[in-house]
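First the proteins, then the strands, lettered A, B, ... as listed; each starts at 1. The figures that follow rest on heavy atoms only: side chains count, while hydrogens, waters and symmetry mates do not.
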Amino acid sequence: MKLKQLMNDFLRDYLKENDIKFEDWSINVSNQDSFGDYSSNIALKLTKQLEESPIKIANSIANHKNNSSKIFTISASKPGFINFHISNDYYLKALDQILKEGENFGRKKELNKSANVEFVSCNPTGPLTVGHGRQAILGDMVSNILTWNGYNVTREYYYNDAGKQMRVLAESCYAKYAQQIGKEIDMPEDGYIGTYLDEIALKIVERHGKNLKSNDPIFRDFTEKEIFSDIKNTLESIGIKFDVFSKEGTFYKNGAINDILKKFQEKGLSYKKDGAVWFKTSGLGKKEDKVLVKSSGEPTYRLPDIAYHADKIDRGFDLIVDIFGADHIDTYPDVLLGLKSLDKKTSHIKVVIHQFVTIKKGGEIVKMSTRKANFITLNELKSQLSSDIIRYFFIMRGANSHLDFDLDLAKDESEKNPVYYLQYANARISNLLIRYDKEISDERKIDLSLLKENDEIALAKLLSEFPNKMEEVLKSLEPRKIATYLEEVAAAYHKFYGNHKIINLQNLALSASRKKLCEATKIILKNGLSILGISAPERM
RNA sequence: GCCCCGGUAGCUCAGCUGGAUAGAGCAACGGAUUUCUAAUCCGUAGGUCACAGGUUCAAAUCCUGUCCGGGGUACCA
């Protein structure tokens with residue numbers, strides 16, 4: 001960050017000295033060594049305004065007085081780029097800082113800001129599927145990213161304990177119960193037919209006998225409890241814990257839903273038609289109006305969702321993140337509209353939408369349908385794969401892309417599996433450090449300037465970028481970017497390791513410096529992996 | 001019908017706040033000192049960035065349209 005500032009300062013200084021008013025330039029990482037470390041397009045952008053050829057402007061800029069000459073030199077190249085060449089010294093100094101700050105390197109201090117991350121939030125009508133798994137892991141990592149950047153994070157799970165789905169679940173469970181005790185009863189329409197319900201029904205028979213009536217609350221309460229505890233166990237097995245569980249029923253009981261209806265009515269934003277209450281979204285930029293309360297008297301999901309979000313806003317979080325599956329893409333704008341019309345602040349709500357997951361097995365896509373009990377559960381996945389692998393594979397693609405979960409690759413314990421690539425780099429370093437201490441007991445002042453090889457500088461440069469990366473990730477809330485970065489770090493380390501001897505009894509000073517580079521790499525790998533919630537084994 | 005996401009190497013995908021010769025992993029092929037852990041490294045080959053227009057000094061990236069794939073779309077959530 002400091003580095004970019006210095007480069008920008010240099011450009012600003014040039015503009016000021018030449019009395020040019022201009023702001024629209026960028027500085028990017030160069031894509032070729034001969035173009036230095038960073039490049040700016042400022043001269044190209046200035047061509048029109050100055051009515052000069054870009055290369056002329058670039059040369060003029062490159063010759064401008066450089067107050068940061070110890071940190072970088074400047075050159076101009078072909079069409080008109082300004083190239084900044086950063087001194088090795090700058091990157092090596094970053095190593096000192098990494099070693100000094102250790103597990104806090106790149107971490108933001110307490111911001112005194114709070115964030116709420118809502119994710120998973122599925123109703124307890126069945127076991128979690130791999131689709132929920134993606135959301136769970138995405139949400140957990142987003143939470144970690146926020147924590148790392150200084151937020152005080154609340155992980156929240158919201159579910160509907162009162163609606164139609166739970167009623168159907170109870171009816172389905174009764175039907176299964178009836179089957180267990182030898183009665184033939186038809187499954188309710190759109191009922192849940194998964195085998196997990198058979199197990200629950202059997203438990204009910206065992207514990208409560210065979211004489212329960214269909215309307216016994218046990219069929220709802222017991223089932224909810226059973227399924228929920230299964231969900232919690234599943235989540236825990238991949239390292240996820242929630243701080244708060246919110247129930248939809250709360251907002252009926254405390255009157256929030258009626259209040260909102262009343263306010264909409266007062267503001268003229270709702271009306272009655274065909275026995276239902278409609279939300280006049282057409283006046284707010286939408287094409288059609290939406291139903292708030294069905295003619296049956298039951299609210300649609302929108303109303304409680306608005307109430308729930310209003311509640312989150314009122315709890316005073318500085319940032320509210322909603323992680324939703326692609327099925328919400330059309331519906332969350334309604335909720336935001338509702339909140340806005342209630343004069344609630346919504347600018348601090350960030351919605352992360354992720355696409356769905358397909359499982360690839362033996363080169364073929366396994367089609368899934370949740371209702372028809374034709375799905376792969378997260379538990380099944382967990383029984384075959386470690387938490388580390390599951391976590392990594394779910395964020396290997398951007399949230400906005402469909403995810404093909406390649407089961408065969410995930411199970412593969414060879415070098416093909418990218419998770420091991422990262423972990424192996426860490427294990428390699430750990431082993432090396434142990435060996436180093438055995439062979440070299442020499443204590444000396446470290447002279448990092450002995451690190452001059454391209455592989456060494458490239459690695460140091462990459463390590464120094466970690467804090468910037470974390471800031472980027474805070475903006476995009478894309479854990480994948482951390483994974484990509486760590487793969488680069490591991491690759492740079494493996495390359496350095498392959499080309500250069502670290503423990504060299506003939507050159508203890510150089511050995512000591514290289515050891516420091518290894519230690520710094522280990523810190524970065526560990527810090528990055530910890531945000532992803534993936535272990536960094538010392539030995540493999 | 002309408003909405004969202006995607007179309008980049010044989011496969012899976014990066015890159016997309018516009019920038020200099022489009023990258024990685026896997027697969028293919030060829031190599032690496034009796035290893036500081038070879039779960040590694042080096043090299044070769046592989047591309048009309050779906051297509052057509054447009055904006056621009058500059059387009060894989062922005063705009064428009066078309067085609068293909070996936071998903072959503074209700075008084076279900």
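- With hydrogens and angles ignored, no donor-acceptor pair closer than 3.5 Å exists between the side chain of A/Asn28 and the base of B/A20.
- You can call A/Phe81 stacked on the base of B/A20; the centres are under 5.5 Å apart and the planes sit within 30°.
- Backbone-only engagement by A/Arg480 is indicated by non-hydrogen atom pairs under 4.0 Å involving sugar-phosphate atoms exclusively.
- Among B/C5, B/C75, B/A20, the nucleotide with an atom closest to any side-chain atom of A/Val291 is B/C75.
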> Checking side chain to side chain donor-acceptor pair (under 3.5 Å) for the pair A/Asn83/A/Ser77: CA distance, chi angles, key distance, verdict?
Replying inline: CA-CA 7 Å; A/Asn83 300 317; A/Ser77 66; 3.0 Å; yes
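- Among the atoms of the strands shown, only primed sugar atoms or phosphate atoms (P, OP1, OP2) are found under 4.0 Å from some heavy atom of A/Lys495.
- Note on A/Ser401: only backbone sugar-phosphate atoms sit closer than 4.0 angstrom, heavy atoms only; bases stay farther off.
- Taking side-chain N and O atoms only, A/Thr484 has no distance below 4.0 Å to OP1 or OP2 of B/G23.
- Here the side chain of A/His402 is nearest to one of B/A77, B/G70, B/A20, namely B/G70.
- Distance from the side chain of A/Arg397 is smallest for B/C13 among the nucleotides B/A20, B/C13, B/C5.
- Nucleotide B/C2 forms a Watson-Crick or G-U wobble pair with B/G72, both donor-acceptor distances falling under 3.5 Å.
- Among B/A39, B/C57, B/U40, the nucleotide with an atom closest to any side-chain atom of A/Arg428 is B/U40.
- Across all strands shown, A/His500 has heavy atoms under 4.0 Å from base atoms, whether or not it also approaches the sugar-phosphate.
- A/Lys438 comes within contact range of no nucleotide atom at all, as no heavy-atom separation falls under 4.0 Å.
- Residue A/Ala326 is classed as having no contact, given no heavy-atom separation below 4.0 Å to the nucleic acid.
- Using modelled atom types, one side-chain atom of A/Ser40 and one backbone atom of A/Ile42 make a donor-acceptor pair closer than 3.5 Å.
- By the 5.5 angstrom centroid cut-off and the 30-degree plane limit, A/Tyr497 is classified as stacked against the base of B/C36.
- To the nearest angstrom, C1' of B/A74 lies 18 Å from CZ of A/Phe279.
- By the criterion of a centre-to-centre distance under 5.5 Å and near-parallel planes under 30°, the ring of A/Phe35 forms a stack with the base of B/A20.
- For B/A74, its base never sits under 3.5 Å from the side chain of A/Thr300 at any donor and acceptor pair.
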> Stepwise, does the side chain to side chain donor-acceptor pair (under 3.5 Å) test hold for A/Glu118 with A/Ser121?
Replying inline: CA-CA 7 Å; A/Glu118 182 207 331; A/Ser121 289; 2.8 Å; yes
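- If you check every strand for non-hydrogen atoms under 4.0 Å, A/Asp274 touches a base.
- Residue A/Ala425 is out of contact with every strand shown, counting any heavy-atom pair closer than 4.0 Å.
- Summarising the geometry, the separation between CD on A/Gln32 and C1' on B/A22 is reported as 13 Å, rounded to the nearest angstrom.
- Of the candidate nucleotides B/A77, B/C41, B/G70, B/A77 has the atom nearest to the side chain of A/Gln165.
- Each of A/Ile534, A/Leu403, A/Leu532, A/Thr484 was compared with A/Ile395 under the side-chain contact (heavy atoms from CB on, under 4.5 Å) criterion, and only A/Leu532 meets it.
- In a base pair of the Watson-Crick type (N1 to N3 plus N6-O4 or O6-N4) or a G-U wobble (N1-O2 and O6-N3), with each distance short of 3.5 Å, B/C51 is matched with B/G65.
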>> Between A/Tyr158 and A/Tyr308, is the ring pair (Phe, Tyr, Trp, His ring centres under 6.0 Å) condition met? List the steps.
In response: CA-CA 9 Å; A/Tyr158 169 72; A/Tyr308 170 53; 3.8 Å; yes
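- Place A/Trp278 and A/Ser77 on RNA chain B by their nearest nucleotides, and A/Ser77 ends up nearer the 5' end.
- Here A/Pro299 lies in heavy-atom contact (under 4.0 Å) with sugar-phosphate atoms only.
- Using N1 to N3 plus N6-O4 or O6-N4 for Watson-Crick, or N1-O2 and O6-N3 for G-U wobble, each under 3.5 Å, B/G46 pairs with nothing.
- Along RNA chain B, the nucleotide nearest A/Asn499 and the nucleotide nearest A/Tyr38 are compared for position; the residue whose nucleotide lies closer to the 5' end is A/Tyr38.
- Here the C1' atom of nucleotide B/U61 and the CG atom of A/Asn31 are 15 Å apart, to the nearest Å.
- No donor-acceptor contact under 3.5 Å links the side chain of A/Thr47 to the base of B/C57.
- Applying the 4.0 Å criterion to OP1 and OP2 of B/C57, one finds that A/Lys78 has every side-chain N and O outside that range.
- Side-chain N/O atoms of A/Asn400 include none lying less than 4.0 angstrom from OP1 or OP2 on B/C5.
- Using the Watson-Crick or G-U wobble rule with both distances under 3.5 Å, B/U40 pairs with B/A32.
- Atom CZ of A/Phe393 is separated from atom C1' of B/C13 by 13 Å (rounded to the nearest Å).
- The interatomic distance linking A/Asp289 (CG) with B/A74 (C1') rounds to 15 Å, in whole Å.
- Residues A/Ser511 and A/Asn504 have side chains that never bring a donor and an acceptor to within less than 3.5 angstrom of each other.
- Between A/Phe324 and A/His328, the two ring planes are parallel [angle under 30°; tilted spans 30° to 60°].
- At the heavy-atom level, A/Asp455 lies nowhere under 4.0 Å from the strands shown.
- Across all strands, A/Gly275 comes closer than 4.0 Å to no nucleic acid atom at all (heavy-atom distances).
- Using cut-offs of 30° and 60° for the angle between ring planes, the A/Phe119 and A/Phe242 rings count as tilted.
- Nucleotide B/G18 has no partner under the Watson-Crick or G-U criteria, as no pair reaches both atom distances under 3.5 Å.
- At a threshold of 4.0 angstrom between heavy atoms, the contacts of A/Glu538 include nucleobase atoms, whether or not backbone atoms are also involved.
- Taking atom NE2 on A/His494 and atom P on B/A39, their separation rounds to 10 Å, with Å as the unit.
- Within the 4.0 angstrom heavy-atom criterion, only backbone atoms of the sugar-phosphate kind lie near A/Lys48; the bases stay farther away.
- At the heavy-atom level, A/Ser39 lies under 4.0 Å from base atoms of the strands shown.
- Straight-line distance from the CZ atom of A/Phe405 to the C1' atom of B/C13: 16 Å, rounded to whole Å.
- The NZ atom of A/Lys481 sits 10 Å away from the C1' atom of B/A14 (whole-angstrom rounding).
- Here B/C11 sits opposite B/G25 as a Watson-Crick or G-U wobble pair (both hydrogen-bonding atom distances under 3.5 Å).
- For A/Asp327, counting side-chain heavy atoms from C-beta on, the closest listed nucleotide (B/C5, B/A58, B/A77) is B/A77.
- In the set B/C36, B/A77, B/G69, B/C36 carries the atom at the smallest distance from any side-chain atom of A/Asn431.
- Remark: side-chain polar atoms of A/Ser270 are not paired, donor with acceptor, to backbone N or O of A/Phe279 under 3.5 angstrom.
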